[in-house]
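First the structure, in the form of structure tokens, and then the observations on it.
All residue numbers in this chain count up from 1 along the given sequence.
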Amino acid sequence: MAEADQLLLLDLLPSPFAARVRIALAEKGLNYESREEDLSNKSPLLLKMNPVHKQIPVLIHNGRPICESMVIVQYIDQVWNHKSPLLPSDPYRRAHARFWADYIDKKIYPIGRMLWASKGEVKEASKKDLIECFKILEGELGDKPYFGGESFGYIDLALIPFYSFFYTFETLGNFSVVVEFPKLMDWAQRCLLKESVSKSLCDQRNVYEAVLEIRKKLGAE
């Protein structure tokens with residue numbers, strides 16, 4: 001990174017979306033300042049830098065904001081392309097990676113949130129939907145070490161932050177990820193051997209405690 005480059009990440013430790021950006025920055029070996037946001041009292045800087053969605057993460061590069069986690073990851077990958085490529089160079093494989101990252105965005109978080117934020121029949125239906133999504137992802141992984149093949153890449157980076165939610169899903173959904181999805185758990189443990197991943201993820205119990213607080217507010221206990 002050129003000395004003139006200044007990187008500030010508007011961050012939130014339990015957020016899987018912010019974790020994606022932290023991993024990408026670590027993969028590239030970039031130095032940056034992390035500024036934790038309180039989403040119940042959003043900073044003027046966040047509101048200025050992301051006036052559309054008013055959400056984290058936001059990466060501010062030399063005063064210019066980039067918003068939305070996977071957009072930020074692509075930006076990082078393109079600007080600092082000297083090491084650890086995240087997206088494949090082949091156009092077909094690149095499109096394939098983007099497809100699965102989009103699937104993860106549209107399925108895992110919204111369905112997972114429905115599971116931990118609801119109760120009764122809605123919760124049970126969400127549990128079934130989430131298990132089905134994980135089955136599909138495990139099928140896509142197959143016997144490969146990583147989703148893209150032999151090395152950690154874009155799809156892995158999109159999904160691994162949700163490892164922090166596995167304990168929450170298991171506890172509130174009453175199922176075992178390691179029993180239901182052994183290949184997916186092996187993949188997660190492989191990802192966690194990477195310092196860029198292990199140091200970027202929020203502890204599972206901390207995420208669970210945060211979720212319980214949200215459930216109280218929503219009356220979903």
Side-chain angles (χ1 to χ4, degrees), residues 12-23 39 55 69-70 73 96-149 152-194 196-221:
L12 186 65
L13 185 59
S15 166
F17 305 107
R20 290 169 169 176
V21 180
R22 295 194 294 267
I23 294 168
L39 295 185
Q55 293 292 340
S69 64
M70 296 314 285
V73 169
H96 181 84
R98 283 176 170 151
F99 170 86
W100 283 107
D102 185 64
Y103 177 86
I104 291 161
D105 266 352
K106 288 177 177 171
K107 296 287 187 178
I108 301 302
Y109 184 76
I111 294 173
R113 190 184 192 286
M114 187 63 72
L115 183 148
W116 56 254
S118 63
K119 52 188 176 181
E121 291 181 6
V122 174
K123 183 179 171 185
E124 279 303 307
S126 302
K127 170 186 168 180
K128 288 179 183 176
D129 288 346
L130 188 63
I131 286 173
E132 183 59 29
C133 289
F134 279 136
K135 278 182 185 171
I136 289 169
L137 285 166
E138 191 171 69
E140 169 59 23
L141 177 64
D143 295 319
K144 303 187 297 292
Y146 298 99
F147 278 92
F152 181 86
Y154 191 73
I155 307 172
D156 308 293
L157 184 149
L159 182 59
I160 192 58
F162 291 101
Y163 174 79
S164 296
F165 286 77
F166 278 10
Y167 178 75
T168 298
F169 294 155
E170 290 178 318
T171 306
L172 297 178
N174 193 28
F175 69 95
S176 167
V177 174
V178 71
V179 170
E180 298 273 357
F181 315 107
K183 287 183 179 178
L184 206 58
M185 187 57 88
D186 285 346
W187 161 83
Q189 296 303 320
R190 199 172 298 120
C191 290
L192 285 166
L193 293 174
K194 294 176 66 65
S196 60
V197 174
S198 61
K199 288 193 170 181
S200 298
L201 297 191
C202 187
D203 179 78
Q204 290 192 350
R205 298 295 177 122
N206 290 348
V207 168
Y208 180 64
E209 292 300 322
V211 164
L212 290 184
E213 286 300 313
I214 297 170
R215 280 175 60 81
K216 278 183 191 174
K217 291 175 185 174
L218 295 173
E221 290 189 307

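Of the possible donor and acceptor atoms, none in the side chain of Gln204 sits under 3.5 Å from a partner among the backbone N and O of Phe165. Listed for the Arg215 side chain is a donor-acceptor partner under 3.5 Å among the backbone atoms of Trp116. Checked by atom type and distance alone, the side chain of Asp156 pairs as donor or acceptor with a backbone atom of Gly153 at under 3.5 Å. Side chain of Arg22 to backbone of Leu13: a donor-acceptor contact under 3.5 angstrom is found.
With contacts defined as side-chain heavy-atom distances shorter than 4.5 Å, the pair Glu132/Lys127 does not qualify. Side-chain atoms of Phe99 and Ile155, non-hydrogen and from C-beta on, never get closer than 4.5 Å to each other.
If you look at Trp100 and Tyr154, their ring centroids are not closer than 6.0 Å.
When all heavy atoms of Phe162 and Pro16 are compared, the closest pair comes out as CE2-CG, 3.7 Å. Here the closest heavy-atom approach between residue Leu115 and residue Lys123 is recorded as O-CG, 3.5 Å. For the pair Pro161 and Leu157, the tightest heavy-atom approach, listed with the atom from each and the gap, is CD-O, 3.1 Å. Minimum interatomic distance between Phe175 and Phe169 (heavy atoms only, all atoms of both residues): CE2-O, 3.4 Å. What you find for Tyr208 and Thr168 is that their closest heavy atoms are CA-OG1, 3.3 Å. Of all the heavy atoms in Cys202 and Ser164, the pair that sits closest is O-OG, 2.8 Å.
To the nearest 0.5 Å, the span separating CZ on Arg113 from CG on Leu218 amounts to 6.0 Å. Rounding to the nearest 0.5 Å gives a distance of 5.0 Å between CD1 of Ile23 and OG of Ser200.
A search for ring pair (Phe, Tyr, Trp, His ring centres under 6.0 Å) contacts involving Phe134 returns Phe166, Phe181, not counting sequence neighbours.
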Quick one, Val211 with Leu172, criterion side chain to side chain contact (heavy atoms under 4.5 Å, CB included). Give me CA distance, side-chain angles, the key distance, then yes/no. CA-CA 10 Å; Val211 164; Leu172 297 178; 4.0 Å; yes
Any chance you could lay out the side chain to side chain contact (heavy atoms under 4.5 Å, CB included) test for Tyr146 and Leu141, step after step, and finish with the verdict? CA-CA 7 Å; Tyr146 298 99; Leu141 177 64; 5.7 Å; no
Decide yes or no on side chain to side chain contact (heavy atoms under 4.5 Å, CB included) for Leu192 and Leu201, but give the supporting numbers first. CA-CA 9 Å; Leu192 285 166; Leu201 297 191; 3.8 Å; yes
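The stretch residues 174-190 participates, sequence neighbours left out, in these salt bridge (charged side-chain N to carboxylate O under 4.0 Å, His left out) pairs: Asp143-Lys183.
Surrounding CE of Met185 are more than 12 heavy atoms belonging to other residues, nucleotides or ligands, all under 6.0 Å away. More than 12 non-hydrogen atoms from other residues, nucleotides or ligands lie less than 6.0 angstrom from NZ of Lys144.
Using a 4.0 Å cut-off between charged nitrogen and carboxylate oxygen, Lys135 and Glu138 do not count as a salt-bridge pair.
In this model, a donor atom of one side chain and an acceptor atom of the other lie less than 3.5 Å apart for Gln189 and Tyr163.
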Under 3.5 Å, which donor-acceptor pairs link side chains of residues 103-112 to any protein atom two or more places apart or in another chain?
| unit_1 | atom_1 | unit_2 | atom_2 | d |
| --- | --- | --- | --- | --- |
| Asp105 | OD1 | Arg20 | NH1 | 2.8 |
| Asp105 | OD1 | Arg20 | NH2 | 2.9 |
| Lys106 | NZ | Asp102 | OD2 | 3.0 |

